Every structure is written in structure tokens, then in C-alpha cells.
Amino acid sequence: MALKKFKQAQPPDSTNLKTLATAAAGCTGCDLYKNATQTVFGKGKKKARILLVGEQPGDKEDLAGLPFVGPAGELLRHCIEQAGLTMEDIYLTNAVKHFKWRPAGKVRLHQKPSMGQIKACRPWLEKEVESVKPKVIVALGATAATSVLQRVPRIGSERGKAIKDVELADYIILSWHPSAILRSIDREDAEAKRADLVSDLKLAKKLLSK
Ligand code: URA
């Protein structure tokens, strides 16, 4: 099947996060706005030194209009705390700003965004980065890393390292997505991935003083 192409989102010429969020609320750049409740724009400290990028809002985030308020967010907040960081250090966002799902009975089942949808949404991420100006970006999972690096990543072998600037920030770090930890095959795997995520967030903290 041919890859569906979308026109890229066209953010306004502003770095004001409120202006951007308002504009993103009306985004029809790709098709995901059709089935989502609302655009979920990033949230957090305006001039945070660390910007965390997830994949896309989940069911809870889609309803609340806020990133990382569901189970993955809860796990992420614990890891942030364990790494010695606070939410004051952080701006949270997603590579894709609408929830992609398919119905399964009464449940809305998460679907991975396509490359076309990731690309269409990237201008919003670029604008958030331009506004927040973080020193370190932590990409959580493959979708976030694909958007940040603009190539397909290998999280298994690339995570946990300080990747010197691509274009967006001084350092990029790839890590596990908290949902991948929640979906781990067993407890041992979950604990190892969680320890990795905490260690990657500690690395982000350490890089702030470089
Ligand atoms: N997963 C994400 O990637 N982002 C959210 O905001 C919630 C769950």
C-alpha cells in the first residue's frame, strides 16, 4: 500500500506557547484530528532546560487535553523524581499531537502513528523547541526519536548516550517510552527498562551543568 502523504502543519510565526497551542488546536495537517477529541499540545515550564518528547496522547490525555496524565505519565513522573529532577525542570510534549486509535468494542485501542503523520506534525515540535530552547531533549520511544532525529532510530543500541546536537538542542538522549515499560514481557524486563529510563534522565540532568 502506498504511504499516505500529508501536508505539513503550518504553525504561526510566533514562539509564544499560548499562541502556538491555540493555533495547533485547529490543526488539520494530517487526518488524525478527525477522530481525536482535541489537540494535545505540550505543557510545562516555559524555559525548561529539559524537553521530554513522547509519542502521542493516549486515551486519558485525549480526553483531558494534557500530555502524560494517564498511567504512562504516572510512571514517567516517578522516574523523573527518582532521577533527582522536578517538573520545574521539564517541558513535556509529544511527537504527534492527536490520539490515533481504532475501536475495539468499547475501548479505544492505541495505534502507532505513521511516518507521514509524524512528519506532518513535526513543525509543532520545532516551534515548541524554538520557544522553550531546552539544552537537552529526551526522546521517549521510537516515534519520538524518529521525529527528533528525522530518521529511524535503534532505541536498543542508541539509548542512554548523549547525542551531540542534531539541530534542535545541545544534546539528544533516546530512552524507553514509559508505555513500553508498562507493556514489558515480565517484571525483570520492566525493572531493567525502568532503571534505564531513570539513568537516562540522570544523564540529562548531568548534561545541564556542561
Ligand atoms: N504516551 C505518550 O507518548 N504521550 C502521552 O502524552 C501519553 C502517553
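Positions are given from 1 along the sequence. Whatever order the structure lists them in is the order used to number ligands and atoms, beginning at 1. It should be emphasised that the depicted structure is a prediction, and the values quoted were computed from it without experimental measurement.
The distance criterion of under 3.5 Å between nitrogen or oxygen atoms is met by Phe68 with respect to ligand 1. For His177, a nitrogen or oxygen atom sits less than 3.5 Å from a nitrogen or oxygen atom of ligand 1, counting backbone and side chain alike.
Shown in contact with Gly54 at under 4.0 Å from a heavy atom are these atoms of ligand 1, numbered in order with element: 3 (O). In the vicinity of Pro67, heavy-atom distances shorter than 4.0 Å reach the ligand 1 atoms 6 (O). Within ligand 1, the atoms closer than 4.0 Å to a non-hydrogen atom of Glu55 are 2 (C), 3 (O), numbered from 1 in the order shown.
Nearest protein heavy-atom neighbour of atom 2 (C) of ligand 1: Gln56 O, 2.9 Å. Protein heavy atom closest to atom 4 (N) of ligand 1, with residue, atom name and distance, is Asn94 OD1, 2.7 Å.
Environment of CG in Asp13: sparse, with no more than 12 heavy atoms of neighbouring residues, nucleotides or ligands closer than 6.0 Å.
In this structure, Arg77 does not pair ionically with Glu81, as no charged nitrogen and carboxylate oxygen lie closer than 4.0 Å. Ion pairing between a basic and an acidic side chain is recognised when a charged N comes within 4.0 Å of a carboxylate O; Glu130 and Lys127 show such pairing.
Counting only distance, with no hydrogens or angles, the side chain of Thr39 and the backbone of Phe41 share no donor-acceptor pair below 3.5 Å. Lys97 contributes no side-chain N or O that, together with a main-chain N or O of Thr93, makes up a donor-acceptor pair within less than 3.5 Å.
Under a hydrophobic-cluster definition in which Ile, Leu, Val, Met, Phe, Trp and Tyr are linked whenever side-chain heavy atoms come within less than 4.5 Å, directly or via other members, Leu17 and Val53 are assigned to the same cluster.
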